[in-house]
Every structure is written in structure tokens, then in C-alpha cells.
2 protein chains.
Amino acid sequence: MVSLSPASGIDYNAAPPNLSTLTNNSIVETWRPRAHVLPPSYHIGDPCMHYTDPQTGLFHVGFLYTSNTTGGAAGATTGDLVTYRDTNPDNVHFIVSGGINDPVAVFDGSVIPSGINGTPTLLYTSVSYLPIQWTIPYIKGSETQSLAVSYDGGANFTKVAHGPSIPGAPFGVNVTGFRDPYVFQSPQMDRLLDSAQDSWYTLVSGGEHGVGPAMFIYRQYDVDFRDWEYLGKMWSEPANSTWGDGTWAGRWGFNFEVANAMFLDEEGFDVEGEMFLTLGAEWSYEPIQPQVSDVRSMLWAAGDTRLNDRGLPAFQPSMAGYLDWGRSSYAAAGKLIPSTAKVSQKSGASDRFVSYTWLTNDFYGTKDFPIRQQGWDGALTTARELFRAVISNVIYNDLVQEIASWRVSRLNTDGTVELATLGQRIVREASDAFKTKAMKVVSEPNSTIGDGGRTELEFSASPSSKHFLLTATLEFPFAARGIDSDVKAGFTILSSEHESTKIYYQLSNESIIIDRGNSSAAAATTPGIDTSNEAGKLRLFDLKASNGSAYMEPLHLSIVVDGGVVEVYANERFVLSTWVWTWYAASNNVAFYHEGSSAAKFSDVMIYEGLVDAWPGRSRVSNSSSGI
Amino acid sequence: MVSLSPASGIDYNAAPPNLSTLTNNSIVETWRPRAHVLPPSYHIGDPCMHYTDPQTGLFHVGFLYTSNTTGGAAGATTGDLVTYRDTNPDNVHFIVSGGINDPVAVFDGSVIPSGINGTPTLLYTSVSYLPIQWTIPYIKGSETQSLAVSYDGGANFTKVAHGPSIPGAPFGVNVTGFRDPYVFQSPQMDRLLDSAQDSWYTLVSGGEHGVGPAMFIYRQYDVDFRDWEYLGKMWSEPANSTWGDGTWAGRWGFNFEVANAMFLDEEGFDVEGEMFLTLGAEWSYEPIQPQVSDVRSMLWAAGDTRLNDRGLPAFQPSMAGYLDWGRSSYAAAGKLIPSTAKVSQKSGASDRFVSYTWLTNDFYGTKDFPIRQQGWDGALTTARELFRAVISNVIYNDLVQEIASWRVSRLNTDGTVELATLGQRIVREASDAFKTKAMKVVSEPNSTIGDGGRTELEFSASPSSKHFLLTATLEFPFAARGIDSDVKAGFTILSSEHESTKIYYQLSNESIIIDRGNSSAAAATTPGIDTSNEAGKLRLFDLKASNGSAYMEPLHLSIVVDGGVVEVYANERFVLSTWVWTWYAASNNVAFYHEGSSAAKFSDVMIYEGLVDAWPGRSRVSNSSSGI
């Protein structure tokens, strides 16, 4: 990585020029995260193709990767989910497009860790024709699912020398998309479908023109994964319909992408646990324009899978929500990490499902972000553990009774209920490392803030960099609740006299909002610096204390700031990831923020500064990042 | 074409050198036919992709073609089935391999004359992986069926920009082959399968490992032929089984190729006529060696197609035979020529089915024939009209009652039966042209030959070239019949003091034999000059004359000699095509041949010398033939 040199002529203490006019790689470090997964240079796309190598026990994180010349996928290994090592230190792909099955592109895939002859075996979308999008007629055969095998510990995946294992969409289905095969095993499925024990299944994401988005399911047919038997659409939704009224999981859209299947309990992964799906939903505002997908939503759903009247598996969601509310956060891909993996032997974690999300830098290629000047674009968000979360002692009132991202899982005799939902937390090793390896730790005293007007209270000690973890708990009185509430409370971060970003909870619409309106001085000079707001819904339930009294569920915030990346985690069931492109070196300040007539109590406010260098093995100056 | 020049240093009046040692193209003319379809130079493969252009009314003859650099298909047009014009005068393919669907090869296909947007539309086998053979494990996806369309009168077929219309073999079928889609329409099929009127169907030839050869049938699914619905195996036979005892149709082998479907009556093509199939059968002698298919048999079958218990079409043969008994004659491909076509308007022919067969020069690439010295290899046999032949007044005796290449179609009250079989005759225009355009016509007087020993009687006037049609009728007394018969009768052709080829009927085994043992002086010096015998079975039935007496069916022979090509047609239901590679210029003599204790009557013996120049538009010296 390039240390910013005065020679670059860029002054982060003065107003920025139009960054698009700068030389290539002149702002490599400006917004580069240090604790996140991203390649040394060029473009990262969807995370995918993760696996734990049965030989080494290392976890492999994969992602689509396009260098200046070549498209395909690349990856990294990690022994601790904190630091990573490029699978190929010379920064080459482990698979590239251009073969017989994939002459045009390699799209997402997933790995059977002990596949063909016991070696890691990748099932991926091999692309023969473009363009592909749900807004335009589907080019038959443009997406097929093919195999590749690694014989060298994941440095290269060699394509299996036969045609696609799944040579096209199901017959007669005019698909909107047919990609991103996600392999999984499930004793539950085996029993349901009378399959051979330990059968592999794969979901293929897509949809049907004029019908709606869908997940197609296939079952392994032979030991070499050469053939996969089509078992139908496991899940489909009417085109552009919503879950409930759309409040909690948005639109199903027109096409599903990047479906993942997992089985979760309260600890993490459990093959006999509840089936959860994560999925991307694509849709557009009216009028739909060819090749424009305005919105991509990163969602999840959980529910039951039963046999339909044709004896095929059919999934029916009972709750659904956003895996990440950030509009640039998409294409999550996760994988079971068994307790026996090297990673988990260190932390003592039981089986768990770890997921990464893609954070696009240029809104899926639609915005003129100064990518060439930056020398790289995109990153993966911090790895998360997914689990089946339980919210206990919830008072059984109207707040609970909705088609929503939770479900009543138990009715108690004392008038409370237990709710189930998808739980998400920063992967424990990273969370620990951010705290234990911090260069500086600042604790702010607890305080109750709010005088009826607007308050911004500078922290006693703000970070001196743009790499930190901020944690806090906020508590609100019942008086702050309601659609007519004027209360907003949270923090101002990345702040200076020129720039400022607010992250707050707004009680009137139960939303966490990232106000980026004044977040970047560069936005005034440079196209593609998005300063629109980000927002997501989080309901704070009414809880019953052990003494019988009622109180509003506290808001537990964890905010990761890592260069341009900002991730907001709340209550282990809400995530919003986005970019904040501050310009000024001075924009490091953090403040309490409050507005409205009811005060909020802030407690356990901590800043852990520094995060970690996730890539200790990388040279500080990447050769390849100077070659655009 | 090159006139043989003394400068070549080749003396056709002296014993040949080892021809493999000669320079390239030094023997271009030696065995080159003039009345047959073949490209100016290089390799012709299977005939296929024929059609009548709805715009011009011209008939297009297609064939696989490999130049010195490129594989694909080329073709010619004809307005009279006698003379041809290269579709691309500069001798380029109309389709070449190397596209997204067919990176490795283009195999056989067939044409919907008014296909996508009313233009000629080719459905062909697009090849992605090699090797492919029934003797080795099948590489999944190696053969798919793709579309190409011609917008320029057949000079080029442009590949349709989507994946294969049939993206692979049926799921779960471990095929031995899956190629050569043959499109056809059939109101009978439409009614049977409750299809839309004028639906197109396609047969795909192949087989299943461990099961046997098969034809897979698909039905058109959309107006653009993008999708084809699988309707099952229309026909399958146990691996390596035979029709009856194998006498009349040999083995079904292990894999079918080049299946054609047609509907015939006594006149020719009739959509409401009986369904006939022509097919290639591949098998080997024991032990089967990988990638060696010892035998390829060019067969036909006719029978009924009904619905099986799954409501899918199932063909059951009621008679089957050889379309051509020549061991080098294979891969027949034919097409309906409607009465409205320009070709047929001249001749006044009603709808007919015209078929060409491939004559391999080097036994399917397995023999070291001096191809580079010849500058070309292979040819198509003379076009034939196929029809449902009827043999009338056949005495109903043991000769009739067999599982054979005929079927009793009517029992008469007078003790005779009518037999049905596949009829084949040289396409009428060519047959007429060979006679009417002959440079010289010689008629031999009728004679009865046979003195108990061996007789060779020179014709009163032999041809002065190796291009002629010989016709004759031979009649035998009943005394000549039987497995202990010593009678053989026919002709010696292409004869000189050094070389001679005998073509005769041998009554003891009801066979027409081409004895090539002494046919080529070059065989003694040059590898790959095959002088083994060729043979085929033809039963001469007992017929009842109008006066009530019985007589043996006469043998009507037509022998086409065109350079190295020799085709024997008998009784409009037997064809045997092969090569005879005479060396000496003097080897032009023709003689009557007879052996055995019963005399034979020869009548209507005619020689029409010269045949036709099928390629009047080609320059005499082909540029491209000098470029190997």
C-alpha cells in the first residue's frame, strides 16, 4: 500500500479537486480499509467459493475478481478470521474465464470441501453469453453451472474437462437469471426427499419472466458431481411482491441472486437447526428500464420446507428480513465453518456459519466513482456469524404482531413471548481483535443527553484516524416512542468543520439512519461520491424486567469505521454497511448526537482505535496497484 | 481439375510406385469421380444439412468438410440433381467450428427450410469436447444441438447467439453418443402426440452405455426453435443385438448415428405414408478396443410408432435392412424434395425423399490411403430416391417367411403375396442424364452364358474410360438356386492384363459380391489400397407369371463406375457402393462373367459411357487443390 506522499500533490487539509482528474492510483489510501477483505488492487465482486480446506484446516475466502486484464475469482486464506493471506501471493486468480464452458465470464460458485476424489470442488456459474439481466430477455444457455477442482491447496481451480454439470435452466422455464449455485448438505432434506445419506444439494438463484423470483434446487446424482437432478423450484414468490407490507424485508423483486442455505440454532450452525436462506433480490422503480436494476436488496428468510403435491421440496417463509440494509451492500456469501477447523480450534467456537457481504464502490457499476484514481474498488464487509437469535421477555403487544423479520417462537404464561429472528454478530475473533489489539481505547462516561433541542457533544477523546470500533448502548423512555416522536439519538462521526456524518436511531420510524448529506467535501467536486442517506428498520420491543416492570429494549450499537467503510451493527440482528468518503484529514471527530423532547441514556460508550491490519503478509506498496 | 501431364512423371502404363512417396496432389485425377458430389479438394465427411431453398427452389446438398485449416460444413446447389454449383465458389465453408457453442467441431445437422423468420435454419451438433466414441466413457456435454440461420441463400449459416437449443443428452442417460439432429414434420406424429399442427420434431442419434443404441426424439417448443421438448427414446435396441438372425440388417451395434426419418409410399414421399428410418449402426468385433469402431453399417428400418405406457412415442420395426452394403458407405442423409421445388418442376416428380451416402476413402480415417497425394478424399454416392417398394406376385413359400428386410404386405387368394420393402433408385434426373448424355452407348446382344465351367466373355466394345453406367438383366433357372449352387454370374469390369474386378451374383448365399482381390496394382506398392471383397445379400424371390408358372425373380443390375467409385444397384432395393482403385490406364475392359453348372441369361446389357460432369462451373484446375 502506498503511504500518502507529499509528492502526490494531494492536500487533505484543503478542499479537494475533481478527483476524476487525478492520475491513476493517486488516492489509493484515501478510503482504503485495513481490517477488511479486499484484493491488493483492482475490482472485487461478489464474495463466494469459501471453504475450509480439509487438509490444512484453513478457511478460504473467495470473491469474484477482475484485474486490469482478466476476470475470474481470487481468494485468501485465514487461520483466525482476523488476518488473511492471498491464496496466490502474486495476486493472480485461482480461476479465470475463457474456457470452453465459460468463454465470457465466471460468476459466483460454492465449494464442496471434500469433493471429487476428496479434493475441494467448485460448482460455479460458467457464462457463455452476455448481457444477462432480469430486465431483458434471457439468452438461452448464457448461464450454466460447471465444475473445477483444486489440487494445490486452492491456489488454482482446474476446470473439469466436461461440459456444465447443470447445462442450463430447467426446460420450459423462461428464466430471468440462473446462477450462483450454492451447495449444501442437510439430513433434514435427505429425510424429506428420501435421498442417499449426506447427499449434496445445490440452490440455483434466478426467477421466471412474468412469474417471479425463484430458487431452483438440484440434488447430487453421482459421486463426481457430474450430474445434478432437478427437484423443482424450491421457493418462488410473485414478481415484485413483498413480505408482509414490505416494511421489514422490502420487495422480493423480480430475480433472486446469491441464495445461500444454512441451518441455525442459537449457537450457530446446526444441521438439525432451522433452515435460513440469504438471498439477493433485484428490482427497479417504475418504469423498468432495460438493463437497469435500480435496487438490489440483501435479504434473508427462514421457514419450513415440505413436499408439494408433486413430491418436490417447497419452502415457505415464516419470517424474512434484511441481512444488510445498506444499499451498496449485497451478494452475501457464507459457509459452514466446522468446530474442527483450524480457525475454530483457536477460538473454541462450535460449528458456525460465517458470511461476508460485498460492498460495491460505484453502486454496481452505475456511478462514476473515481475508481482508476483509487486503484481498487469494493471490499467485503467484516465477517459475521449468523445464528438463530432469540429475544426473550418481550411483552406480547402490537409491536410483536406483524408479518415481519421475527416470529413468535414461544408464548409464556406471564404475558411475554420469546421471538426468533436471524442473529448476526461480527465474527468473534475479529470483534475480539478489534478490541484487544486496539492502539488506543477511549471510554466515555455514561450520560443522559437531551434537552429538548439539538445536542452535539464532542467526545472527550476522538480517534486520530479513520479506523476504529465504536460501541455504545442507548436507552429511551417510553415517552420517546411513537410515530409522532421527535427523538433522534446517536453519534456524529468522521467529523470536522468541513464534513460530518450522523448515525442515529429515529424513534418515529424505528430506523437507524446514516446521514451522509455532509459526509464528503469531495462530493462537491467529484462525480460518483454518493452522499444520500442510508437507513434501516429496527424495532425496539417492550421488554419485561425481572421485577415485572416494562422498559424499552435498549439499543446496542457497534460501529466499525475502516477508511471509507462504515458498518453499523445493532442488537445482534441489524446491520447497515456503507461507504463514507470523507476528504479532510481532520475529519476524525466523534460526538454524541441527540435531538428531541425525550432524553436518551448513553452507556458503555467505547472507542477502540486502530482495528487490525488484516493483511500482514502484503507488501506496503503493491506492485499490481500501480499498473492500471 | 488437372489433366494428367507427362510432367508429373507418373506412368499409368507401368507398375505404380509407392503412391505415398509422391508429391502432394500428384494423383488428383487418378480416381476422381466426375458425376459425383465432392468438394474441389480436401476432405468431405458426412452428407447433411440438405434443403430446398424456399426462395430459389434450388436444392442444397450439404456435407461436412475439412479443408487444410478448418473444419465445418460446405455445400452445393443443384437445379436438376445432375449438375451442382458450389455454394461458395471460392470453396469456403458455410459454417465452421470455433464458436461459443462449437469450439471444437461441427457435426451433422439438418435444415428447417422455412425456420426462424422464414429463413433456412440449421439444427446441428455443436461439439465442445473430444474424443467422442461409443467405446469410451462419454464426456458430458461434448455434443449439444445448436442453431444457425442463413440470410444469404445458404452461402453462410450464422450461428444464433444463444446457447445450444438442446444443451445435452437427456438427464441421467449415460449416452454413447448424442448427435446428428434430424428435423422433420409429421401429421401422423402430431395426431399421435396431440401436438400443434405442423410441429417440427427432431431425432437425435446415439445410445446408452450398457443398454444399447437409441434414437431420442424431441418436439419443437417455440417458434424460434430455441427449445425442444424431450419426448423420450423413440427407439432403442439391446446393445449389439440383431434384426432377426442378423442376415438382412446386420447388428444394431452399440450406437446409432445419422438417423433420418421419412414417410414413404410407392411414389416417393408422402406425409401420410409409412415411416422409414435410415440409420448408421456402430459396433466392433471382440475384443472391443477403446476408440475403435470396426464396423459402421448403413441401415434402414420401417415400422409403427405408438404411444408407450408413459404416453411417449415408441417405434417398433417390422422390417429392416441395409441402405448400402458397402463397408465404406455410411452416414446417409436425405431430405424431402417437394414437387414444387425447381428440381422437381423440371422432372415432374411428385414429392420425394432424396438421400446421399458418404463413401469414405480411408475407411473412416483408419487406413493409410495416400490422401495428400490425391489432394482430396471421399465422395458422396449418387443421389437416390427412396420409396416404399412393392414386390408383387411373389409365391408364398419359405423364401418369404423370415424376419428380414421385407414384410408381407398382402396375402392374395392365388397363393402369392405382395411384399413391401425400402425401394431405392438412382435419382431419376441423374439416371436419365447418364443415359441421354452418354458420349458412347454400347448395347450387347442378349445371350445365355454358362458351360459348367468358368466363362469370361469380353464385351464387343468396352468403355475407353472409367466413367460409365452398365445396366443388365440376369435370369437364372430354379436349378441354380440353393446353398449348394455353384453358380455365379455377373461382370468383370475395370479389367486389363494387370487388374480386374468381378461383380457377380452368387446364388449359394444370395449375395452380390464385388471381388476386388485383383482390382489394383497399386495395392502391392501402397498402404491403404483396400482390395478386400465387398458383399451384400439380395434374395431373388420365386414369382408367379401371368400364365401361372413360377420363375425366379430376374436380377436387374445397374453399375455406376465413376473414377474410383463403383456403385452396384439391384432390383431397386439393393445398393452396394465402394471404391476400386485401378492403376493402369488400360484397365477399362468389361466382360461377362459366369461360373457354375447352370447357365444364366443376360439381357438388356447396355453401357452408357461418360456419365456427366457434375461441376460445369468449376475451373479445370482447382487452385485450392494445389495448396495442401
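Here the structure is a predicted model, which is why all the values come from computation and not from measurement. Just so we're on the same page: letters track the sequence lines, and every chain starts at 1.
- For B/Ser142, no part lies near chain A; criterion is any non-hydrogen pair under 4.5 Å.
- Rounded to the nearest 0.5 Å, atoms CD1 (A/Ile100) and CD1 (B/Ile100) are 12.5 Å apart.
- In this structure, CG in A/Leu147 is found 8.5 Å from NZ in B/Lys140, a value given to the nearest 0.5 Å.
- Listed options A/Asp222, A/Thr144, A/Asp227, A/Val160 were ranked by heavy-atom pairs under 4.5 angstrom with chain B; first place goes to A/Asp227.
- Using a 4.5 Å heavy-atom threshold, the side chains of B/Arg226 and A/Asn174 count as touching.
- For A/Arg310, the CZ atom counts as loosely surrounded, since its 6.0 Å shell holds 12 or fewer non-hydrogen atoms of other residues, nucleotides or ligands.
- Annotation: side chain of A/Phe171 is not in contact with side chain of B/Trp228 (no heavy-atom distance under 4.5 Å).
- For A/Asp180, there are no side-chain hydrogen bond (donor to acceptor under 3.5 Å, both in side chains) partners two or more places apart in sequence or in a different chain.
- Between A/Asn101 and B/Tyr129, the shortest heavy-atom contact is OD1-OH, 2.7 Å.
- Heavy atoms closer than 4.5 Å to chain A are found in the backbone of B/Pro164, but not in its side chain.
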